[in-house]
Protein chains: 2
Amino acid sequence: MQLTRYTDYALRVLVYLGSAESGTTASAAEIAKFYGISRHHLSKVVSMLSEQELVIAARGRGGGIRLSVDPKDLCIGDLIRQTENLSIVECFNAETNTCPIASDCTLENLLQDATKAFLAVLDKMTLADLLPASQALLQIRLAR
Amino acid sequence: MQLTRYTDYALRVLVYLGSAESGTTASAAEIAKFYGISRHHLSKVVSMLSEQELVIAARGRGGGIRLSVDPKDLCIGDLIRQTENLSIVECFNAETNTCPIASDCTLENLLQDATKAFLAVLDKMTLADLLPASQALLQIRLAR
DNA sequence: AATCGGTGTAGCGCGTGAGTTGCATAATCT
DNA sequence: AGATTATGCAACTCACGCGCTACACCGATT
């Protein structure tokens, strides 16, 4: 049971952007280099975040990416609801279900409750809470 | 974020076996037919459950599969810990990590806590709790 | 010993997630 | 207008999860 790599990178992009001074931009190439993946791949993630209006991406010289919301207003649970498919088994979705007992299944209810518990923990935090307290990220960024 | 199909089928096999009278066996072919997959594929799942000593599989005429534990002693949280890789992002595992800020990351801690909350809900239930209350499974089984 | 009814497992093919490549398009600076 | 610095995205490749086929092996019955 894993979060998709897209969700993982989405979180990383947001943490990276949130660690900067408010309003500053970073380029996709810079962030990609920091996390060791290609710019093109990271751009796909940025496009998704842009569609969800979590970041603003500006093309062209002097362009780049910045947060479009205040870190303290960005609920991590909401982000994950947007980026992840949370049907953790196929019977959560009537269209994909093949299980013959899905219509009366305690297991499905249990897994729904477990998923809710997972998200409830995430709902308590915002991006602001995730920004490095020890300035580790800033130190790493400044070292490059 | 999905449970693997193996975990899903493992749960289904256990629910199927648990719905029978105590101690009765079912064949892999029978269970596979019930869930609409090939016997060979279901056998891989059964082999995993057998290795984990949750079921006993007997070869040969009159063989088959039966639960090796009492449904009320089979904790769903423990099962999922055994069948799933719960490193929901790569940084949970130092060997696979590529994230440069993993050593000091609030996000990792948050996702660990969310995973624990997910499992805490599952830990409250046993296989006994999952067996169909309305006898839907038994009705379906008897109809075949 | 042969047959029947069972499980065990290696190897294979397909679909999809993940990451790359190449090029298009855009915006600012000179 | 051209150069530079930026994002956007289609098409591609690869790895792996998933499910299948084929055959091996097993144990009871005849």
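This one's a predicted model, so the numbers in the text were calculated from it and none came from an experiment. So that the names make sense, note that chain A is the first sequence line, chain B the second, and so on, each numbered from 1. Below, each value reflects all heavy atoms present in this structure, side chains not excepted, and no hydrogens, waters or symmetry copies.
- In this structure, B:Ser38 reaches the D:dC20 phosphate: one of its side-chain N or O atoms is under 4.0 Å from OP1 or OP2.
- Looking only at side-chain heavy atoms (C-beta outward), B:Phe92 and B:Leu86 stay at 4.5 Å or farther from each other.
- For A:His40 against C:dG22, a side-chain N or O and a base N or O form a donor-acceptor pair under 3.5 Å.
- The side chain of B:Arg59 places no N or O atom within less than 4.0 Å of a non-bridging phosphate oxygen (OP1 or OP2) of C:dG8.
- Atom CD in A:Glu30 sits roughly 12 Å away from atom C1' in D:dA6 (whole-Å rounding).
- Atom-to-atom, CE of A:Met1 to C1' of D:dC18 comes out at 19 Å; the value is rounded to the nearest Å.
- Nucleotide C:dG19 holds its P atom 20 Å from the NZ atom of A:Lys33, rounded to whole Å.
- The 5' end of DNA chain C is approached more closely, in terms of each residue's nearest nucleotide, by B:Ser50 than by the other of A:Leu3 and B:Ser50.
- Contact between the side-chain N/O atoms of B:Ser47 and the OP1/OP2 oxygens of C:dG8 is found at a separation under 4.0 Å.
- Applying the 3.5 Å distance criterion, the base of C:dG19 shares no donor-acceptor pair with the side chain of A:Arg39.
- With A:Leu79 as the fixed residue, the side chain to side chain contact (heavy atoms under 4.5 Å, CB included) test singles out one of A:Leu127, A:Leu49, A:Leu122, A:Thr126: A:Leu49.
- Mapping A:Arg5 and A:Gly62 onto DNA chain C by nearest heavy atom places A:Arg5 at the nucleotide closer to the 5' end.
- With A:Thr106 as the fixed residue, the side chain to side chain contact (heavy atoms under 4.5 Å, CB included) test singles out one of B:Asp129, B:Leu131, B:Val15, B:Leu130: B:Leu130.
- The shortest distance between the side-chain N/O atoms of A:Ser43 and the OP1/OP2 oxygens of D:dG8 is not below 4.0 Å.
- Straight-line distance from the NE2 atom of B:His41 to the P atom of C:dA10: 16 Å, rounded to whole Å.
- Straight-line distance from the CG atom of B:Leu49 to the P atom of C:dT7: 13 Å, rounded to whole Å.
- A close approach under 4.0 Å does not occur between any side-chain nitrogen or oxygen of B:Arg61 and OP1 or OP2 of D:dC26.
- The base of C:dG19 is paired with the side chain of A:Lys44 by a donor and an acceptor separated by under 3.5 Å.
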Evaluate B:Leu74 against B:Leu54 for side-chain contact (heavy atoms from CB on, under 4.5 Å), listing each step before the verdict. CA-CA 8 Å; B:Leu74 203 166; B:Leu54 296 171; 4.2 Å; yes
Where do B:Ser68 and B:Glu53 land on the side chain to side chain donor-acceptor pair (under 3.5 Å) test, with the steps shown first? CA-CA 7 Å; B:Ser68 62; B:Glu53 299 182 352; over 6 Å; no
